[in-house]
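Since the structure comes first, as structure tokens, the remarks are kept for the end.
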Amino acid sequence: MKTAKQILLLTGMVFFAAMLAGCEGNQEERSGYQIYYVNAEKTKTVSKGYDTQTEDTNDIIQEFIEELLEETGDPEYRRPIPEPVRLDTWKFEEGQLSLYFNSAYLEMDNIEEVLCRAAVARTLLQPKGVDCISFYVGDAPLVDNEGKPVGLMTEESFIENPGEQINTIQTANITLYFSNVEGDALVQEVQEIHYSSNISLEKLVMEQLLKGPKGEEGRSAIPDGTKLVNVSVLDGVCFVNLDEGFLNQNYEITEPVVIYSVVNSLTELTSVNKVQISVNGDSSRIYREKMDLSAMFERNLDYMDESAHSQERQMEEGEEHVVDASGGMDD
């Protein structure tokens with residue numbers, strides 16, 4: 001697991017993590033609101049302040065929806081509901097706002113869809129009395145990649161990467177998984193690194209994986225020349241978007257070792273429970289005709305190099321034996 005200590009060079013730190021628990025959360029009175037958009041890199045939601053002249057909840061909802069559908073005119077702020085997706089109608093009853101989208105909603109790639117959902121939900125959960133939101137495509141409730149209903153969403157449903165921490169340098173120990181020399185198993189390597197606070201730990205992990213191991217026991221599992229397009233975390237799922245270099249075939253390294261090098265390294269972070277990998281935004285590929293990239297991969301240590309574990313255990317046992325031989329208590 002990661003450990004991190006911060007060395008502040010200048011004061012100032014901004015963290016973003018929306019928190020509330022369930023459909024019965026209370027809304028505070030606000031004099032102003034935020035409209036949430038998607039940033040230019042398509043890695044997170046960003047917001048702009050917004051004021052309205054009305055206090056009627058239904059009018060505010062309609063006003064916010066119109067803003068979400070408008071082009072921003074700012075290259076740094078993308079409209080969260082992209083063309084040709086339409087919000088056909090909506091219904092607000094007893095604290096629950098139901099949104100009904102056209103079938104084009106299902107054509108969005110996974111990263112775009114989750115960012116859209118996060119921006120829309122965060123925006124529309126602000127008016128007084130809106131406790132939770134449900135998404136529909138046509139008349140059918142929205143489901144995830146595994147066919148499970150997404151269900152009611154609250155502010156807590158979307159927790160993104162921390163915001164930028166101004167002028168700080170951090171030191172972290174990160175646990176990475178590389179291929180062994182033979183290419184048929186994973187080996188673990190802990191690296192201590194110093195990095196700018198303006199980079200997320202998820203991006204940091206991916207960049208270090210692409211650089212390869214510092215030790216001699218392993219090799220990079222990711223094909224040479226692969227570049228990271230973007231990485232983001234929403235609702236415990238880390239979406240990793242790599243360029244076409246990831247499709248380069250290096251049959252010296254088995255497919256599960258490639259995939260779980262990424263997955264196990266990222267799930268060492270407390271913010272990540274599952275990982276989805278895409279190539280230029282496309283997660284519908286079958287990697288080397290064996291690994292379905294549309295799946296949400298979870299941590300899997302079945303591919304660890306057992307010989308490396310055996311050597312570690314022997315070293316630990318040897319250290320314990322030395323202690324006993326030097327006069328320690330012998331059971």
Side-chain angles (χ1 to χ4, degrees), residues 2 16-18 36-46 78-82 85 105-122 135 142-148 150-151 153 156-164 174 176-177 198-210 221-223 226-247 258-287 291-300:
K2 71 177 179 65
F16 172 79
Y36 286 88
Y37 303 95
V38 176
N39 69 339
E41 295 79 18
K42 295 185 179 181
T43 59
K44 62 181 179 180
T45 59
V46 289
R78 296 174 179 265
R79 55 178 281 184
I81 304 175
V85 179
Y105 187 98
L106 300 177
E107 301 302 317
M108 289 189 285
D109 65 58
N110 289 324
I111 296 176
E112 188 174 38
E113 187 278 323
V114 176
L115 287 171
C116 168
R117 186 152 39 99
V120 171
R122 282 180 169 144
F135 276 48
L142 180 65
V143 298
D144 62 21
N145 283 343
E146 298 174 358
K148 299 177 181 177
V150 170
M153 285 164 282
E156 195 179 44
S157 300
F158 301 96
I159 301 177
E160 287 193 83
N161 301 332
E164 294 184 354
I174 58 174
L176 303 174
Y177 292 82
N198 290 336
I199 182 173
S200 70
L201 280 170
E202 295 80 30
K203 184 177 182 182
L204 182 69
V205 164
M206 288 306 304
E207 289 183 347
Q208 296 305 117
L209 280 179
L210 292 171
I222 302 174
T226 302
K227 291 182 172 56
L228 178 66
V229 178
N230 54 51
V231 59
S232 60
V233 176
L234 287 169
D235 200 19
V237 178
C238 185
F239 296 92
V240 179
N241 188 12
L242 301 169
D243 75 351
E244 63 278 358
F246 184 69
L247 300 178
V258 176
I259 297 298
Y260 286 104
S261 168
V262 175
V263 173
N264 289 353
S265 298
L266 286 167
T267 53
E268 286 285 340
L269 303 175
T270 57
S271 58
V272 178
N273 298 318
K274 297 180 181 180
V275 176
Q276 182 169 73
I277 301 170
S278 60
V279 178
N280 287 330
D282 182 6
S283 61
S284 64
R285 298 173 181 267
I286 305 296
Y287 185 65
M291 309 290 289
D292 185 357
L293 297 186
S294 68
M296 298 285 185
F297 293 100
E298 299 184 34
R299 178 182 177 86
N300 187 339

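Quantities reported herein were computed from a predicted structural model and do not represent experimental measurements. In what follows, residues are counted from 1 in the order of the sequence shown. Just so it is clear, the values below take in all heavy atoms, side chains as well, and ignore hydrogens, waters and symmetry mates.
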Criterion side chain to side chain contact (heavy atoms under 4.5 Å, CB included) on M296 and V237, from CA distance to verdict: CA-CA 8 Å; M296 298 285 185; V237 178; 3.6 Å; yes
Return yes if some donor-acceptor pair links the side-chain N/O of R78 with the main-chain N/O of V38 below 3.5 Å, else return no. no
Answer with yes or no whether the side chains of E202 and S271 bring together a donor and an acceptor at under 3.5 Å. yes
Any donor-acceptor pair under 3.5 Å linking the side chain of N241 with the backbone of G281? yes
Heavy-atom side-chain contact between I259 and V262 under 4.5 Å: no
Using a 4.5 Å cut-off on heavy atoms from C-beta on, say whether the side chain of I286 contacts that of L293. no
Hydrogens and angles aside, do N273 and E298 bring a side-chain donor and acceptor to less than 3.5 Å of each other? no
Check whether any side-chain heavy atom of L209 sits under 4.5 Å from a side-chain heavy atom of S261, and report yes or no. yes
For V120 and Y36: C-alpha separation, side-chain torsions, deciding distance, then whether side chain to side chain contact (heavy atoms under 4.5 Å, CB included) applies. CA-CA 7 Å; V120 171; Y36 286 88; over 6 Å; no
Student check: side-chain heavy atoms of E112 and F239 closer than 4.5 Å: no
Output yes when a side-chain donor or acceptor of T226 lies under 3.5 Å from a complementary backbone atom of I222, and no otherwise. no
With heavy-atom distances below 4.5 Å as the criterion, would you say the side chains of N280 and E244 are in contact? yes
With side chain to side chain contact (heavy atoms under 4.5 Å, CB included) as the test, would you mind laying out the steps for K274 and R299 before giving the verdict? CA-CA 7 Å; K274 297 180 181 180; R299 178 182 177 86; over 6 Å; no
With a 3.5 Å distance limit and no angle check, can you tell me whether N39 reaches the backbone of K44 through a side-chain donor-acceptor pair? yes
When rounded to the nearest 0.5 angstrom, what is the spacing between CD in Q208 and CG in L201? 11.0 Å
Taking every heavy atom of Y177 against every heavy atom of E268, the minimum-distance pair comes out as OH-OE2, 2.7 Å
Let me confirm one number: the CG-CD distance from D109 to Q276, rounded to the nearest 0.5 Å. 9.0 Å
To the nearest 0.5 Å, tell me how far T267 OG1 sits from F297 CZ. 12.5 Å
Using every non-hydrogen atom in the two residues, find where P223 and V258 come nearest and quote the distance to one decimal. CD-CG1, 4.4 Å
Could you report the tightest heavy-atom contact between E41 and N230, atom names first, then the distance? O-ND2, 3.2 Å
What is the distance from atom NZ of K227 to atom CG of L210, rounded to the nearest 0.5 Å? 9.5 Å
Step-by-step side chain to side chain contact (heavy atoms under 4.5 Å, CB included) determination, C116 to M108: CA-CA 9 Å; C116 168; M108 289 189 285; 4.1 Å; yes
If you define the side chain from C-beta out and look only at heavy atoms, does anything of T45 sit under 4.5 Å from R122? yes
May I ask you to test the L242-M206 pair for a side-chain heavy-atom distance under 4.5 Å? yes
Drop me the distance from D243's CG to S278's OG, to the nearest 0.5 angstrom. 11.0 Å
With a 4.5 Å heavy-atom cut-off, do V229 and V279 have their side chains touching? no
Which class fits the ring pair Y287 and F246: parallel under 30°, tilted 30 to 60°, perpendicular over 60°? parallel
Could you measure the distance from the CG atom of L115 to the NZ atom of K42? Nearest 0.5 Å is fine. 9.0 Å
Residues L266 and C238: closest non-hydrogen pair is CD1-SG, 3.8 Å
